[in-house]
Amino acid sequence: MSVRFVLAVAGAVLIGGFELAEPAAAYAWVQPAPVSAYTLTAGRLWSLVAALVGLAGVVIGGLALARSAGRIGTGTGRRGAIAALAAGLAGMVLGGLVVAAADGGPGTGYGIVGGFIALVVGLIAMVLGGLALARSPRTGQGKRPSIS
């Protein structure tokens with residue numbers, strides 16, 4: 001048996017083996033790995049973070065709206081309104097990124113449901129922050145600090 005014959009047979013076996021294994025490998029690569037409902041994947045984690053940031057914005061916006069209406073506290077609620085707007089925007093951006101990056105639908109582990117929830121909660125936080133900012137009285141307008 002010559003060296004050329006051994007190399008030719010080995011090359012044919014390798015090529016044939018890879019050609020037969022290629023469709024199976026492609027099928028296994030296309031199929032997503034099964035994810036249980038309790039598995040915390042990266043997509044689900046980011047959508048949870050986005051929803052919690054939006055929820056914090058809703059709470060801050062509600063408190064700022066109550067403060068601007070004079071129900072609680074003595075301040076005007078402008079800082080809280082701006083914080084609610086910022087948290088709502090951050091929640092919406094994070095939720096939008098999760099939704100844009102998701103390759104599958106609900107139940108696949110990409111966090112698309114949480115991303116949509118974060119979008120809605122962030123929008124609610126921005127609306128509450130905008131209402132609080134619109135209702136809060138502007139103090140100090142027209143006054144310039146005097147230098148003496």
For the student: nearest non-hydrogen atoms of [X] and [Y], plus distance:
{"X": "G129", "Y": "A84", "value": "CA-CB, 3.9 Å"}
{"X": "G80", "Y": "A64", "value": "C-CB, 3.6 Å"}
{"X": "A125", "Y": "G88", "value": "CB-CA, 3.8 Å"}
{"X": "A118", "Y": "A51", "value": "CB-N, 3.6 Å"}

Please answer whether the main-chain N or O of Y110 pairs with a side-chain N or O of R44 as donor and acceptor at a distance below 3.5 Å. no
Indicate if [X] and [Y] have the same hydrophobic cluster label, given that clusters are the connected sets of ILVMFWY residues with side-chain heavy-atom separations under 4.5 angstrom.
{"X": "V120", "Y": "V98", "value": "no"}
{"X": "L85", "Y": "L89", "value": "yes"}
{"X": "V127", "Y": "V53", "value": "no"}
{"X": "F116", "Y": "V49", "value": "no"}
{"X": "L131", "Y": "I82", "value": "yes"}

[X] side, atom [atom1]; [Y] side, atom [atom2] - distance, nearest 0.5 Å:
{"X": "L97", "Y": "S47", "atom1": "CG", "atom2": "OG", "answer": "12.0 Å"}
{"X": "R135", "Y": "R78", "atom1": "CZ", "atom2": "CZ", "answer": "14.5 Å"}
{"X": "L94", "Y": "L48", "atom1": "CG", "atom2": "CG", "answer": "11.5 Å"}
{"X": "L133", "Y": "L128", "atom1": "CG", "atom2": "CG", "answer": "12.5 Å"}

Which residues pass the side-chain contact (heavy atoms from CB on, under 4.5 Å) test with A83, sequence neighbours left out?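 So A83 forms a side-chain contact (heavy atoms from CB on, under 4.5 Å) with I60.
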side-chain contact (heavy atoms from CB on, under 4.5 Å) with L123: which residues, sequence neighbours excluded?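 Scan of L123 (side-chain contact (heavy atoms from CB on, under 4.5 Å), adjacent residues dropped) gives M92.
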Student check: side-chain heavy atoms of V58 and V121 closer than 4.5 Å: yes
